[in-house]
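In what follows, residues are counted from 1 in the order of the sequence shown.
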Amino acid sequence: MNVEEEQSMELYQMADTITSQTRSIREVVYEKLKEAILSGQFQPGHHLRERELAETFGISTTPLKEALRMLEQEGLVTTSARKGTYVSSDIMNSIEEINWARSALEGVAARLAALKITDSELAQLTSVIDKMEIATMNKDNGQLIVLNASFHKIIRVAAKNNYIFQQISAIRSYDQTFRKKALAHTDELDRAYKEHRLIYEKIAARMPDGAEQAMISHIRRTIVFVKKNEN
């Protein structure tokens, strides 16, 4: 089975879930294509042929075109007249820039969490950071990816600000891509744990300035690390 056949098979599997979704077809296709691009299934320069994709997903070209326009607005694809739509060759820069914006939002969430976190929420965060310590010692990348997502979600919830929560959730997939690439490097595990521990300590001590700065520094250092190791 060649690469194109494998990609087609994966898209067919994606298509199976579309009709069962409560979201619009456009939104589901947008998410699936974005996932394929961010995961590297569709490499920079890959030609996204509308008719082939529409047939694969079992949909008309209208929601597909709308999904591609959404991806273009995020800088993930480029479209030119008479040539078609291609995965952006500058995709890493787009992802990097979105993550820089995300760092500011996550920083605000950490600040608000330090001010508003309940004892119950802090207990949840304590449990997660303790599990992260064990997973780090065991070099368990897969578990760390799961725990990292839980850690940040608890903080977003503890911030008790729906706008911030929704804004971060909208670009969470970009964080997942960066996090997986970062944790693929063994020497990153200890650094990431120490940074998460510092964020936790600042929130637990109800220090909003420190929590915000620790969060921003952690995310931005990770961005620089991943970018450096992509080159």
Side-chain angles (χ1 to χ4, degrees), residues 35 38-40 92 95-96 98-162 164-231:
E35 180 182 339
L38 294 179
S39 68
M92 278 308 297
I95 296 174
E96 180 185 14
I98 289 171
N99 270 293
W100 278 91
R102 184 181 65 83
S103 70
L105 291 168
E106 294 268 19
V108 173
R111 165 179 283 277
L112 295 176
L115 294 169
K116 302 178 183 181
I117 195 166
T118 65
D119 290 343
S120 175
E121 290 165 340
L122 184 57
Q124 293 176 40
L125 199 62
T126 302
S127 176
V128 171
I129 196 67
D130 288 345
K131 290 176 182 176
M132 290 178 82
E133 182 177 14
I134 296 171
T136 299
M137 290 189 295
N138 293 334
K139 308 298 182 186
D140 190 341
N141 303 56
Q143 181 68 2
L144 283 169
I145 290 172
V146 173
L147 291 170
N148 178 79
S150 296
F151 182 87
H152 286 275
K153 185 174 182 179
I154 291 169
I155 292 173
R156 293 197 299 273
V157 171
K160 299 174 180 63
N161 185 296
N162 189 57
I164 295 296
F165 187 93
Q166 294 299 330
Q167 292 299 309
I168 296 174
S169 296
I171 55 177
R172 187 169 58 89
S173 55
Y174 294 93
D175 166 56
Q176 292 174 327
T177 300
F178 255 68
R179 179 55 43 192
K180 287 178 182 179
K181 289 183 178 181
L183 292 179
H185 299 268
T186 304
D187 58 348
E188 170 67 6
L189 304 185
D190 288 333
R191 283 194 297 267
Y193 166 71
K194 290 176 182 177
E195 290 170 356
H196 282 95
R197 173 63 72 172
L198 179 61
I199 295 167
Y200 163 77
E201 290 173 350
K202 296 298 182 181
I203 291 175
R206 306 303 201 273
M207 298 175 64
D209 289 345
E212 180 175 16
Q213 189 53 54
M215 179 67 82
I216 291 174
S217 296
H218 162 60
I219 293 174
R220 293 187 176 177
R221 186 201 58 77
T222 304
I223 293 170
V224 173
F225 175 82
V226 172
K227 183 73 173 179
K228 178 180 178 181
N229 284 275
E230 284 286 322
N231 296 330

Closest non-hydrogen atom pair, [X] against [Y]:
| X | Y | answer |
| --- | --- | --- |
| M215 | G107 | CG-N, 3.8 Å |
| T126 | I129 | O-CG2, 3.2 Å |
| L147 | V128 | O-CG1, 3.6 Å |
| I168 | E106 | CG2-OE2, 3.5 Å |
| I199 | I155 | CG2-CD1, 4.0 Å |
| V157 | E121 | CG1-OE2, 4.1 Å |

Answer yes when E133 and R197 have at least one side-chain N-carboxylate O distance shorter than 4.0 Å, and no when they do not.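 The answer is yes: the pair qualifies as a salt bridge.
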Is K194 paired with E201 through a side-chain N to carboxylate O contact shorter than 4.0 Å?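 No, no charged N to carboxylate O under 4.0 Å.
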Let me confirm one number: the CG-OG distance from L122 to S127, rounded to the nearest 0.5 Å.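 Between L122 CG and S127 OG, I get 11.0 Å after rounding to 0.5 Å.
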Is there a donor-acceptor contact under 3.5 Å from the side chain of [X] to the main chain of [Y]?
| X | Y | answer |
| --- | --- | --- |
| R206 | A204 | yes |
| S103 | W100 | yes |
| H218 | A214 | no |
| K160 | A158 | yes |

Indicate yes or no: at least one non-hydrogen side-chain atom of [X] is less than 4.5 angstrom from one of [Y].
| X | Y | result |
| --- | --- | --- |
| D190 | K139 | yes |
| N148 | Y193 | no |
| M207 | Q213 | no |

Show your reasoning for whether side chain to side chain contact (heavy atoms under 4.5 Å, CB included) applies to L105 and I171. CA-CA 10 Å; L105 291 168; I171 55 177; 4.3 Å; yes
